[in-house]
Amino acid sequence: MDNKEISKAYEPKGVEDSVYKKWEESGFFNPDNLPGKREKPFTISMPPPNATGILHIGHAEFITIQDLVIRFQRLLGKKALWLPGTDHAAIATQTKVEKILKDKEGRSRHDLGREEFLKRVKDYVKNSQHVIRGQLKKMGSSCDWSRERYTLDDGLTLAVNTAFVQMYNDGLIYRGTRIVNWCPNCASTLADDEVEYLEQKGKFYYIKYGPFVIATTRPETKLGDTGAAVNPGDKRYQSYIGQELEVNLGKVKIHIKVIADESVDPNFGTGVVGVTPAHSLIDFDMASKNNLPVIQVIGPDGKMTNNAGPYAGLPVAECRKLFVNDLEKAGLISKIEEVDNNLSICYRCEHVIEPLISKQWFINVNKPSKKLGGKTIKEKALEVVKDGEIEIIPERFVKTYYHWLENLRDWCISRQLWFGHRIPVWYRKPRTENKELGTESSKFKVQSSKLKTIGFHESVVPQVLAGKTKTYRLKDHKFKVGDVLAFENSQTTEIFGQGEINKIVETTVGQIPLDDPAHGATYKKVEDLIKALKFHYPNREVTKDTQVFVYSYKFTPVQNSKTEEIYVGLTPPKGEGWQQDPDTLDTWFSSGLWTFSTLGWPKMTKDLKTFHPTSLMETGYDILFFWVARMIIMSTYFMSEVPFRQVYLHGMVRDEKGRKMSKSLDNAIDPLDMIAKYGADATRLSLVIGNTPGNDLNISEARIAGYRNFVNKLWNISRYILMKAGPAKLVEKQPLPKTLADRWILAELNTLIDFTSVNLEKYNFSVVGEKIYEFTWSKLADWYVEVSKSEAQGSGPTPSTMLRVPRAKSRGRAQGNSENILLYVLQSLLKLWHPFTPFVTEVIWAKLNPSAMLMVQAWPKAKGKVDKKAIKDFELIQNIITAIRNLRAESKLPPAKRLKVFIVSAKNAGLIKTEVDAIKHLARLEDVVVAVKGKKPDKSLSAVISGAEIYLPVSGMIDVGQEVKRLSLEAKRVEDFIIHLEKKLENKQFLERAPKEIIEVEREKLIINKENLEKINQQLKTLK
RNA sequence: GGGCAACUAGCUCAGUUGGUUAGAGCGCCUCGUUUACACCGAGGAGGUCAUAGGUUCGACUCCUAUGUUGCCCACCA
C-alpha cells in the first residue's frame, strides 16, 4: 500500500458504506460463519424498532451500545449473535397509516375496509423496514441479517397463537367485563401503563344533588350515576344510607341509591360522591359491592349514548358545556373551583381516555399455574430477579421493577385494532337446533333452581374459576357436607358453576391460616383478612374473635353456553357459523415473546437451544415495564427460563440543555445528518462516552464534531506510523522495549488493555472510552510519537540516546526499534477501539493487513507484568519537561529562545542524566546541566530563573502527606495504621524526605495514639 | 400522596468499595507557519463539590435533615 495516498484528513463519507459492504459479504455477522472454535454463545436480541420508519437519535444510542458489546464479544472469541428485527407496533403503525390515508386521500380505514386497509399497512411497513435496515447499516450494526424477524411474520404469528392457546388452556387467559381504559380516537382499549397523565388546571363543579352537594370535575358523567356514596362513619349523612332517591339534574332526573363505602374520604369535597359505575374503576367496584345498576352514558366513539337523554350523540366536551349550562339555569351549581387535575391521555395519540365498561380478554396475573409449580406469573417474574437469575443494570431499577410487578393488575390484552395478531378465538351463536347444548344448558338451569345457591362477589369469581376451593363466610349458610351447590356471581346473578361441600369448619377469624393457597387469596396480616371480610360484609363488625365458617368444596365450572360457544385454537374450528374475534392482541403480547419466538419457538430449534436465554437485554428504562417485565413473564412461563441474564438500561437522549428532542422545539438531532457530516464513528462515540446507565444523555452537534476531531487524530497517528514504518506489516508479538519511552508506552498499553477488558465486561463504556481516548491522544500522540520523532532525528550529526534505557546502550542497536513498537501499539489500539469506532479502525487495519478483517481478530492480551518503574520514571521526565515549558511560558521567554537549565536532583540524577537529550529536544533547550544535591542555588521548591538559566529542583518534591494517606489507605483499622506509621518512621529515607514540621510531630509521639494522629492531620492541613 | 435520581469549573458531565494537589470534553485567555494532524501543538485561568448538622485521624464519597430540579408510580370523586 502506497502510504502517500492516505489523505490528510479522515473522510468517512466515502469509505463507510464500502466497509459495511465488506463486513456483510464476509458473512461474519452470522455466528455460524465465524472463524475458529467458538463454543460460548453471546446473544443480544435487538429491541425491534417500530415498523413506522424513521430512526431517531434514541435508536442510534441503542444501536451503538449493542453493536459495541457484540463486537467486543466477537473479538473475545464468542459465538456472537445480534438478532435484528422490527415490531409491528399495532397502535403506532395503524395510527400513522390512518393519518397518511386521511391526509392524502381524505379517507378513513372504514372507507377502505379491513382487508384493503391491512394491505395498505403491509405496504407501508415493507417500505419502512427497508428504510430501517438502511439506517442500521449506516450506524455500522453488525447484526445477523440472515436471522432478521418481524413480529407479524409467519413464525412469530404461530408463536403468538400458540402462546395464547397454551395460556388459555392453563386458565390464565380469560374474558371478562371490566372497566377498561378506552381511547376514543384509537377506538381501542389500552393497558394501564399505556395511559399517561397530564397535569392541568381543571374546574371542580359543586352540584346540588338531591339533598346533597357533590363535587366533580366531570359533570357529564353524573348522567350515568346510579348511586351516591358516603363514608359509613360520616355522621352528617347517616340517615340517608340505604335510601333510594330521585335527583333532579336540570333536564334529566336520575335515580340513585345512597350507599356507605370506606373508600369515601369525608374530608374531601363535600364528603358525598356520585357513583358512576360505567365510567370509573372505583365506582365500578363500589357498585359491584352494593348491587347498583350500571348505566353507560359515554360510548366508545367518545359521544354520549342514548342513556344520556337530551344529550345523546354529543361529544363529551360539548355535553359538558351544555349540561353545566342547564344546571346553572336550574340553579343547581353551587360553586365552581379551579383545581389542579390529572387528565388521562393516550400515550400514542394524546387523546383523552374514557374509562368504559367493556368485555375484553385478560391475562390473570394472580392465578397459580401448574407450569410454574403453583406460582403465579407475577410471583415467578419477581422471583427470577430476586434470586439474581437476572441482573438489572443499574441496580436501582430493581426496586421500581418490584413495585410495578407487585401492584400489577390483570393485563388487558385485547385491542380493537385491525392491525396486529388476530385473537385466535372463534365464537358461534347457539342455534336452537343445537340440541346437545340446549339440553346441557337447560339441565343445569333446572338443576340450579332446585339447588342451594352460594354467591361469590364478581371479583372473586375468577379465583374460583382459577381453582380456589375454600371460602370464608361470616354468615351460617346451614350447608351440610355433601350438599351440591349452584355457584352464583352475586353481581350478575349468573350461575358460573356447581360444587359439592367437602368439609365445614367453624372457627374464628383469628384462627384462619393466612396463607392457605386453597383460598385463592392469601394474606400477610390478620388485618388484611379482616379488611377483606369487611369488604364482603360492609355492615358487620369484624374482629379476630368474630365467628367464621370455612367451607371447602369441589368445583366444576360451567361454560355459559346459553349465549355462545367459544373455540380457542391455532386453526379455525370445523363446522358452520364460527366467527373469529374481531380484536387483535396487544403489541406487547407478541414482543413479550421476542427473545424466544425469534429463535424458532414453539419449535425446539438448534438456535433456540444455542442462543436462549440470551445474554444481554439492552434497552431504554422507559420500557422496563412495557417490555422488559413482559418478556420476563412470558419467558419464565413458556420457556421455564429467563429471557436474558442481564438487563442494561440506557437513558434518554436529550438536547444540549437537557430538553426532550421534539419537532416543536426544532432541537432534534438526526443521526443520519450527523453521520453524513461527521461520520458514524464520531456519532457513535458521542453516544457512548459520557453516557452512564439509566441516566439521560445530553448531546449537541458540537459534541459530535469534537469526536470527529478525535477520529481524525487517530487517523493521523496511524498515517504517521504508516509513513514512518515504511511497508506496512503486522507486529503480532510485543517487541522488546529498548528505551525508557518504549517501556513506558508498553506498560501504559498493557494497563489499558487490562482496564478495557475488565470494564467492557461490566458495560462501563464511558470510562473505557475516556481511557482509550486519553491513551491515544495524551500518551501515544503527545508523547510517544513525539519521542519517536526525536529518535529518528538522532540519525543526524549528534546521535542521541533519546530516552534510552542505559542497558540498551550495551545491546547496541536502538535505532529503528520505535517503529516496531509503534506498529504494535497501533495494532493493539485499533482492536481496543474497534467496538467503539468500527469503521475507521477497519479502514486503517486494511492498510496494515489487507488480507484479514479487524472485526474477527483476537482481542489483545496484556503481556507480562506492568512495568510500574517505567511509568514512574517516565512521568518524572514528563514532569521536568512540562515544568520547563511552563516556566518558559510564564516568564514569557519566546519559544525560539534557547535556554540553559540546571536540573537539581539528589535521587534521580542518574536517570535524568541519561535522558538529558530527550529533555533537551522536547523542551527545546540549549543546554541542560544536571546538578547533584548541594549545588542547588535555592532551597525553595519553586524554580529559579536568572536570565536564561533555570534551576529546577526535582528531589524533595515528595509530600509526606501523601505517604501518610497512602498508609492509612492500606490500613483498615486505626491500630494497623499506627503500626504502619511506626514502621515507616523507622525508615530513614522517609524521615529525610519529610518536612521538618512533620518530623517534629512524629518524634514527639513516642507513643502514637489517636490524638497524635489528629495532630498530624492538622499539621498536614496547615502545610497545604 | 409514595418512590427514584440529580445538584461538582462558564456549559455538558465523569469521579469505581471514604485517602495524593477533585478530573474530562467544549468554551475562554496567552503563545506558536516544528513536513502525522489547524479537525493541530505548548502553556494557563477557572471549583467552599446545593445548604446545615453528624460519623471518622480524614468526607465530593457514609448518615440525618433542608432546598432546588427532573423522572417514575398512584390518584380524590
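In the text below, chain A, chain B and the rest are named by the order of the sequence lines, each starting its count at 1. Only heavy atoms go into these numbers, but all of them, side chains included; no hydrogens, no water, no symmetry mates.
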Quiz prompt | Residue whose nearest RNA chain B nucleotide is more 5′ - A/Ser778 or A/Asn695 | solution = A/Asn695
Self-check item: Residue mapping more 5' on RNA chain B - nearest nucleotide basis, A/Ala9 or A/Glu196
Solution: A/Ala9
Practice problem: Could you check whether the rings of A/Phe625 and A/Trp404 sit parallel, tilted or perpendicular, using 30° and 60° as the cut-offs? | Solution: parallel
Exercise. Over 60° means perpendicular and under 30° means parallel, so classify the ring planes of A/Tyr773 and A/Phe710, tilted if in between.
Key: parallel
Quiz prompt | Pair A/Tyr347 and A/Phe626, ring centroids less than 6.0 Å apart | solution = yes
Of the nucleotides [options], which has the atom closest to the [X] side chain?
X	options	answer
A/Thr692	B/A14, B/A36, B/C40	B/A14
A/Phe268	B/C37, B/A77, B/A74	B/A77
A/Asn712	B/C37, B/A36, B/C4	B/C37
A/Arg409	B/C75, B/A77, B/C37	B/C75
A/Tyr197	B/C37, B/C73, B/C75	B/C75
A/Lys713	B/A77, B/C40, B/C75	B/C40
A/Arg719	B/C13, B/C39, B/C37	B/C37
A/Asn716	B/G41, B/A36, B/C73	B/A36
A/Lys399	B/C39, B/G3, B/A77	B/G3
A/Thr882	B/G43, B/A36, B/C75	B/G43

Which part of the nucleic acid, if any, lies within reach of [X] when heavy atoms closer than 4.0 Å are counted: base, sugar-phosphate only, or nothing?
X	value
A/Ala215	base
A/Asp696	nothing
A/Ala705	nothing
A/Asn698	sugar-phosphate
A/Thr216	sugar-phosphate
A/Val785	base

Quote, to the nearest angstrom, the [atom1] distance that separates [N] from [M].
N	M	atom1	value
B/A24	B/G46	P	15 Å
B/C75	B/C7	P	31 Å
B/C13	B/A5	C1'	15 Å

Exercise. Starting at the 5' end of RNA chain B, write a dot or bracket for each base, bracketing those in Watson-Crick or G-U wobble pairs whose two distances are under 3.5 Å and using | for partners on another strand.
Key: (((((((..((((.....[...)))).(((((.......))))).....(((((..]....))))))))))))....
Has the side chain of [X] got a donor or acceptor atom sitting under 3.5 Å from an opposite partner on the base of [N]?
X	N	result
A/Glu786	B/A36	yes
A/Lys8	B/A36	no
A/Arg708	B/C39	yes

Phosphate OP1/OP2 of [N]: any [X] side-chain N/O under 4.0 Å:
X	N	result
A/Arg885	B/G43	yes
A/Asn709	B/C40	yes
A/Trp777	B/G41	yes

Quiz item: Would A/Tyr621 and A/Asp696 count as having a side-chain donor-acceptor pair, cut-off 3.5 Å?
Solution: yes
Practice problem: Return the minimal non-hydrogen interatomic distance between A/Ser700 and A/Glu656, and the atom names on each side. | Solution: CB-CB, 3.6 Å
Quiz item: Just wondering, more than 12 heavy atoms not from A/Glu406 lying within 6.0 Å of its CD?
Solution: yes
Quiz item: What is the distance from atom CG of A/Asn764 to atom CD of A/Glu770, rounded to the nearest 0.5 Å?
Solution: 11.0 Å
Quiz item: So how far is it from A/Ile333 CD1 to A/Ile207 CD1, rounded to the nearest 0.5 Å?
Solution: 5.0 Å
Exercise. Please list all pairs passing the side-chain hydrogen bond (donor to acceptor under 3.5 Å, both in side chains) test where one or both residues lie in residues 256-266 of chain A, with sequence neighbours left out.
Key: A/Asp261-A/Ser263, A/Asp261-A/Lys289
